[in-house]
Colleague: 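Sharing a structure with you now.
Residues take their numbers from the sequence shown, with the count starting at 1. Predicted model, so just to flag it, every value in this text is computed and none were measured.
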Amino acid sequence: MTNSQEHLTRSHKLRKPLVEKLRRERINSSIELLKSLLGPEFLNQQPDSKLEKADILEMTVCFMTQLLQQNQQQRRLMKHVNKLQSSSEEKLREADFSPLSSTVHSSITKDKSPVSSAPWRPW
């Protein structure tokens, strides 16, 4: 091996543990943040238990799943409400025009009423 290749290999070997350490610190920091966010609710349920990292991750997944399901239910409910509202508005518009149309209809039928039942005679 040449001198530069040795230097790169040693540099890589020295950097790899440092990179791994930084990665673990990020993971641990994120898990601690999750624990602080979930903590009050779940610590009340299990005050004397020590939460492991896996427990915190599982609780986060459960919480996020429930939140997603609630969100989907709310969206379906809002679609249903909007559909009912638009249907109701259509019926109101039809009801607004129905008195007018019945008035027009009755006046048309009055105008078409027969004048007399006798046959027509020119003289």
Colleague: Passes side chain to side chain contact (heavy atoms under 4.5 Å, CB included), Asn28 versus Lys53? Steps please.
Modeller: CA-CA 8 Å; Asn28 289 336; Lys53 293 174 185 178; 2.5 Å; yes
Colleague: Atom CG in Asn82, atom CE in Met78: separation rounded to 0.5 Å?
Modeller: 5.0 Å
Colleague: List for me each residue that meets salt bridge (charged side-chain N to carboxylate O under 4.0 Å, His left out) alongside Arg24, sequence neighbours excluded, and say none if there are none.
Modeller: Glu20
Colleague: Could you tell me whether Arg26 atom CZ has more than 12 heavy atoms of other residues or ligands within 6.0 Å of it?
Modeller: no
Colleague: Using modelled atom types and a 3.5 Å cut-off, is there a donor and acceptor pairing between side-chain atoms of Thr65 and backbone atoms of Val61?
Modeller: yes
Colleague: Roughly how far apart are Leu18 CG and Lys16 NZ, rounded to 0.5 Å?
Modeller: 13.0 Å
Colleague: Would a hydrophobic clustering, with Ile, Leu, Val, Met, Phe, Trp and Tyr connected at side-chain separations under 4.5 Å, put Leu57 with Leu67?
Modeller: yes
Colleague: Between atom CD1 of Ile56 and atom OG of Ser30, what is the distance when rounded to the nearest 0.5 Å?
Modeller: 11.5 Å
Colleague: Any non-hydrogen side-chain atom of Leu34 less than 4.5 Å from a side-chain atom of Met59?
Modeller: no
Colleague: Is any side-chain heavy atom of Met64 less than 4.5 Å from a side-chain heavy atom of Thr60?
Modeller: yes
Colleague: Checking Glu52 now: which residues fulfil side chain to side chain contact (heavy atoms under 4.5 Å, CB included) with it, not counting sequence neighbours?
Modeller: Asp55
Colleague: As an exercise, state the distance from NZ of Lys35 to CG of Leu33, rounded to the nearest 0.5 Å.
Modeller: 12.5 Å
Colleague: From Gln72 CD over to Leu77 CG, what is the distance, rounded to the nearest 0.5 angstrom?
Modeller: 13.5 Å
Colleague: Just jot down the side chain to side chain contact (heavy atoms under 4.5 Å, CB included) partners of Gln73, sequence neighbours excluded, or say none.
Modeller: Arg76
